[in-house]
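Report on the following structure.
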Amino acid sequence: MKKLLAVVAAGVVLVSALSAQITVGGKGTLALNVGTSVEKAMFVGMDVDTGLLVGGGGSLFVRYNLPSLPALGFQADVGIMANNGFSAEVSETGYSFSTKGTYTSLELPVLVTYDLAAGPVTITLLAGPNLSFPLGKAKVEQSVSSDISYDVTEKWDIDSKVLFGLTAGAAVAYPLGPGAIVGDLRYTTDFNKVKVEGQEAMTRRALTFSAGYQIKL
């Protein structure tokens with residue numbers, strides 16, 4: 001009986017120790033397609049001037065800090081990002097149009113984190129691989145300006161099933177109530193191109209700003 005009680009007590013202590021290192025939270029995200037490149041082969045012989053596109057979404061995350069080195073941890077996110085894509089002004093002699101291609105994705109970054117204390121504030125450096133899964137079809141909008149002006153909206157099949165990338169940035173947490181408000185800034189770049197309707201369309205890159213709340217279990 002004493003051995004059994006000792007095992008149970010050890011289990012409780014272990015679970016308590018592990019739980020003390022787990023942080024969970026949720027965030028809303030604003031994204032800007034800073035650095036996204038459009039494949040010029042889509043617009044042969046035309047001048048292409050890319051513009052800024054605003055997207056957004058939300059995510060949930062869980063982080064585990066190592067008991068032996070509490071500043072070091074691992075974080076996994078799961079989120080939805082809407083309005084990935086590009087916006088561009090395309091022109092040639094006597095003809096021009098604006099075009100925008102957007103899609104929604106499931107985002108799964110897996111990050112290594114490192115905490116730095118700055119008074120009541122905790123600064124967390126983070127970096128790691130990112131998997132992005134396009135959902136549904138791409139929405140392609142075109143507004144043509146010529147002798148006859150008109151607008152066209154189409155849905156294109158996305159051939160890319162998963163995009164492999166890298167994300168890095170920093171988060172800041174400030175204690176509030178039982179947890180902390182948290183904001184982070186990240187930059188994400190994909191290594192492979194988004195393919196639609198059998199052709200490479202763009203390489204996605206994005207600067208994201210997030211804000212939310214986290215709590216230690």
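Side chains are part of it too, since the values below use all heavy atoms of this structure and drop only hydrogens, waters and symmetry mates.
Shown here for Leu60 and Gly26, the closest heavy-atom pair between the two residues is CD2-CA, 4.0 Å. Contact detail for Gly85 and Asn33: the closest heavy-atom pair is O-ND2, 3.3 Å. The shortest non-hydrogen separation linking Ser143 to Asp151 is OG-OD1, 2.8 Å. Heavy-atom minimum distance, Thr29 versus Ser210: OG1-OG, 2.8 Å. Across all their heavy atoms, Ala138 and Val196 have their closest contact at CB-CG1, 4.4 Å. Pairing each heavy atom of Pro134 with each of Ser132, the nearest pair is CD-O, 3.5 Å.
Partners of Glu197 according to the side-chain hydrogen bond (donor to acceptor under 3.5 Å, both in side chains) rule, which considers only residues two or more places apart in sequence or in another chain, do not exist here. For Ala168, the side-chain contact (heavy atoms from CB on, under 4.5 Å) partners are Ala127, not counting sequence neighbours. In this structure, Thr208 has no side-chain hydrogen bond (donor to acceptor under 3.5 Å, both in side chains) partners at least two apart in sequence or on a different chain. By the side-chain hydrogen bond (donor to acceptor under 3.5 Å, both in side chains) test, Thr167 pairs with Thr188, sequence neighbours left out. With sequence neighbours excluded, the residues that form a side-chain contact (heavy atoms from CB on, under 4.5 Å) with Val38 are Phe43, Thr50, Phe86.
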Item to complete: Evaluate the criterion side-chain contact (heavy atoms from CB on, under 4.5 Å) for residue pair Arg205 and Ser37; output intermediate values, then yes/no.
Response: CA-CA 8 Å; Arg205 300 182 182 93; Ser37 60; 3.4 Å; yes

Item to complete: Show the numbers, then the answer: is there a side-chain contact (heavy atoms from CB on, under 4.5 Å) between Leu135 and Ile80?
Response: CA-CA 10 Å; Leu135 304 175; Ile80 296 292; 4.0 Å; yes

Worksheet entry | Verdict with supporting geometry, Lys216 and Gln21, side-chain contact (heavy atoms from CB on, under 4.5 Å) | CA-CA 7 Å; Lys216 284 189 175 182; Gln21 307 299 324; 6.0 Å; no

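Checking side-chain atoms of Ser160 against main-chain N and O of Lys195 turns up a donor-acceptor pair under 3.5 Å. In this structure, the side chain of Asn192 engages the main chain of Val162 through a donor-acceptor pair within 3.5 Å.
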Just distance, no hydrogens or angles: give the donor-acceptor pairs under 3.5 Å from side chains in residues 108-120, sequence neighbours left out.
residue : atom : partner : partner atom : Å
Thr113  : OG1  : Gly73   : O            : 3.3
Asp115  : OD1  : Thr124  : OG1          : 2.7
Asp115  : OD2  : Asn65   : ND2          : 3.2

List the atom pairs, donor and acceptor, that lie under 3.5 Å between side-chain atoms in residues 176-183 and the rest of the protein, sequence neighbours left out.
none

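The closest side-chain heavy-atom distance from Lys193 to Glu39 is below 4.5 Å. A 4.5 Å side-chain heavy-atom check between Val90 and Asp47 finds every atom pair outside the cut-off. Annotation: side chain of Met202 is in contact with side chain of Thr36 (closest heavy-atom distance under 4.5 Å). Contact check for Val172 versus Thr122: no side-chain heavy atoms found under the 4.5 Å cut-off.
Linking Ile, Leu, Val, Met, Phe, Trp and Tyr residues whenever their side-chain heavy atoms come within less than 4.5 Å leaves Leu163 and Phe191 in two separate clusters. Residues Ile215 and Tyr64 fall within the same hydrophobic cluster, defined by Ile, Leu, Val, Met, Phe, Trp and Tyr side chains chained together at heavy-atom separations under 4.5 Å. Under a hydrophobic-cluster definition in which Ile, Leu, Val, Met, Phe, Trp and Tyr are linked whenever side-chain heavy atoms come within less than 4.5 Å, directly or via other members, Tyr213 and Ile123 are assigned to the same cluster. Linking Ile, Leu, Val, Met, Phe, Trp and Tyr residues whenever their side-chain heavy atoms come within less than 4.5 Å places Val140 and Val194 in a single cluster. Under the 4.5 Å side-chain heavy-atom criterion for grouping Ile, Leu, Val, Met, Phe, Trp and Tyr, Leu126 is not connected to Leu66 through any hydrophobic cluster.
Going from atom CG of Asp49 over to atom OG of Ser98 covers 11.5 Å, rounded to the nearest 0.5 Å. Taking OG1 from Thr189 and CG from Asn130, the interatomic distance works out to 10.0 Å, rounded to the nearest 0.5 Å.
Residue pairs meeting the salt bridge (Lys or Arg N to Asp or Glu O under 4.0 Å) criterion with at least one member in residues 126-145, sequence neighbours excluded: Lys100-Glu141, Lys137-Asp157. Sorted by first and then second residue, the salt bridge (Lys or Arg N to Asp or Glu O under 4.0 Å) pairs involving residues 172-192 (not counting sequence neighbours) are Lys27-Asp184, Asp77-Arg186, Asp184-Arg186, Asp190-Arg204.
In the hydrophobic clustering (ILVMFWY side chains linked at under 4.5 Å, chained through shared members), Leu207 is joined by Leu30, Leu32, Val34, Leu52, Val54, Leu185, Tyr187, Phe209.
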